[in-house]
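Since the structure comes first, as structure tokens, the remarks are kept for the end.
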Amino acid sequence: MTTFRQIAMVVEGQTESAFVSEILAPYMQPMGVYVTPVIVTTSRLADGTTFKGGGAVWRHYENDIRRLLGASHFHCVSILVDFYAYPRNAPGSDCCGRPHEPRQCVERRIAAMGAAIDDRRFLPNVVLHEFETWVIAASMDTHHVLGDESVAKRLQAEASSVDGDVELLNDSAATAPSKRVQKCWPDYDKVTDGIEVIREAGLTSVLEHCPGLRSWVGRLLAH
């Protein structure tokens, strides 16, 4: 009998939800892993009406994570949040000092998040630095981005500034990956173009350039 595992993924908004449902889920499904995105609930009215997306406060994520962990049909619950826009008061939010060491800080935040939830079925995760990191990674092994060679060259030039390690493209207000993509591609639309670029390149190609993403996907498959 074929066995399969179901994973719930708490995400910030529509872009992340689309990444999970349109990119990550099809990649993992042939391996018997089914991933369902759940956009974070940010408020709930007395009549039961809920508002979702744009979660900037940790308790919103924690509430949804614990609720989903209460559903026994999920093999595990994970989370998709940015290092750049890490939720306020989230575990490990005060870990970053100087000199700035983003990979080490990500590991500390992941460990702190896991300790705070304290459930073996929870698989914590922090994206270094944000979704557009993966968009830049998707441009690296191609001659064009959605048919545009000039956009591909400009995005590849951004990656070359960190010797191709796109996860180290920094997180300042002026030079975050999203700002770099917008500079290289003024008409860029995060939801439609970002997802399509990653789909065009293929997740396997993106994983080759993003060790943090690759580690997380590996942990999802092995958990």
Side-chain angles (χ1 to χ4, degrees), residues 7 9-31 33 35-37 39 53 78-86 102-103 106 110 125-221:
I7 296 175
M9 186 72 61
V10 181
V11 301
E12 178 184 353
Q14 294 293 336
T15 301
E16 294 80 9
S17 179
F19 171 80
V20 171
S21 61
E22 298 178 32
I23 305 296
L24 185 62
Y27 176 85
M28 300 182 77
Q29 185 172 331
M31 291 167 269
V33 179
V35 190
T36 301
I39 298 176
S78 192
I79 184 173
L80 189 55
V81 294
D82 293 346
F83 183 91
Y84 179 49
Y86 198 57
R103 289 203 197 282
V106 160
I110 287 173
N125 176 58
V126 179
V127 177
L128 187 62
H129 279 92
E130 57 178 341
F131 173 78
E132 274 74 18
T133 299
W134 303 339
V135 174
I136 295 172
S139 76
M140 294 179 65
D141 297 325
T142 183
H143 296 296
H144 63 82
V145 168
L146 302 188
D148 192 323
E149 293 184 9
S150 63
V151 168
K153 289 179 180 178
R154 289 194 291 269
L155 291 176
Q156 289 162 6
E158 295 297 325
S160 69
S161 70
V162 286
D163 296 325
D165 190 348
V166 293
E167 289 185 337
L168 293 185
L169 287 170
N170 65 4
D171 63 337
S172 80
T175 59
S178 56
K179 299 296 193 299
R180 294 170 186 263
V181 171
Q182 196 68 54
K183 178 186 71 174
C184 296
W185 190 358
D187 296 331
Y188 169 76
D189 180 274
K190 181 173 183 175
V191 178
T192 57
D193 294 332
I195 295 298
E196 196 56 39
V197 168
I198 295 172
R199 192 200 320 276
E200 182 179 70
L203 184 58
T204 299
S205 177
V206 177
L207 294 174
E208 291 177 0
H209 298 287
C210 297
L213 175 61
R214 185 169 65 247
S215 173
W216 176 55
V217 170
R219 286 185 288 129
L220 288 171
L221 290 171

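The figures that follow rest on heavy atoms only: side chains count, while hydrogens, waters and symmetry mates do not.
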Does [X] reach the side chain of [Y], with side-chain heavy atoms less than 4.5 Å apart?
X: L155; Y: V181; value: yes
X: L80; Y: V20; value: yes
X: E196; Y: T192; value: no
X: L169; Y: T133; value: no
X: L220; Y: M9; value: yes
X: E167; Y: V162; value: no
X: L213; Y: L203; value: yes
X: E16; Y: V10; value: no

Can you list every side-chain hydrogen bond (donor to acceptor under 3.5 Å, both in side chains) pair that touches residues 19-31, not counting sequence neighbours?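 Residue pairs passing side-chain hydrogen bond (donor to acceptor under 3.5 Å, both in side chains), neighbours aside: E22-R199.
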If the plane angle is over 60° it's perpendicular, under 30° parallel, otherwise tilted; pick one for F19 and W134.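 Tilted: the ring planes of F19 and W134 meet at 30° to 60°.
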For the ring pair H129 and F83, is the centre-to-centre distance below 6.0 Å? yes
Distance in Å, [X] [atom1] paired with [Y] [atom2], rounded so as to fall on 0.5 Å steps:
X: E12; Y: E130; atom1: CD; atom2: CD; value: 10.0 Å
X: D189; Y: T15; atom1: CG; atom2: OG1; value: 8.0 Å
X: D187; Y: Q182; atom1: CG; atom2: CD; value: 8.5 Å
X: L128; Y: W216; atom1: CG; atom2: CH2; value: 13.5 Å
X: S17; Y: I39; atom1: OG; atom2: CD1; value: 4.5 Å
X: L146; Y: E200; atom1: CG; atom2: CD; value: 5.0 Å

Pairs in or reaching into residues 172-204: which pass ring pair (Phe, Tyr, Trp, His ring centres under 6.0 Å), with residues at least two apart or in two chains?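 Pairs touching residues 172-204 that pass the test: W185-Y188.
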Could you pull out the closest heavy-atom pair between [X] and [Y], with the gap in Å?
X: V126; Y: V106; result: O-CG1, 3.9 Å
X: R180; Y: T175; result: NE-O, 2.7 Å
X: M140; Y: G164; result: CE-O, 3.5 Å
X: I195; Y: V191; result: CG1-O, 3.1 Å
X: A25; Y: V35; result: CB-O, 4.0 Å

Say whether Q156 and S139, considering side chains only, have a donor N or O and an acceptor N or O under 3.5 Å apart. no
How about S205 and D141: does a side-chain donor come under 3.5 Å of a side-chain acceptor? yes
Between R219 and N125, is a side-chain contact (heavy atoms from CB on, under 4.5 Å) present by the stated rule, with each step listed? CA-CA 10 Å; R219 286 185 288 129; N125 176 58; 4.0 Å; yes
[X] and [Y] ion-paired at < 4.0 Å:
X: R103; Y: D165; value: yes
X: R214; Y: E208; value: no
X: K183; Y: E158; value: yes

How about Q14: does its CD atom have over 12 heavy atoms from other parts shown lying under 6.0 Å from it? no
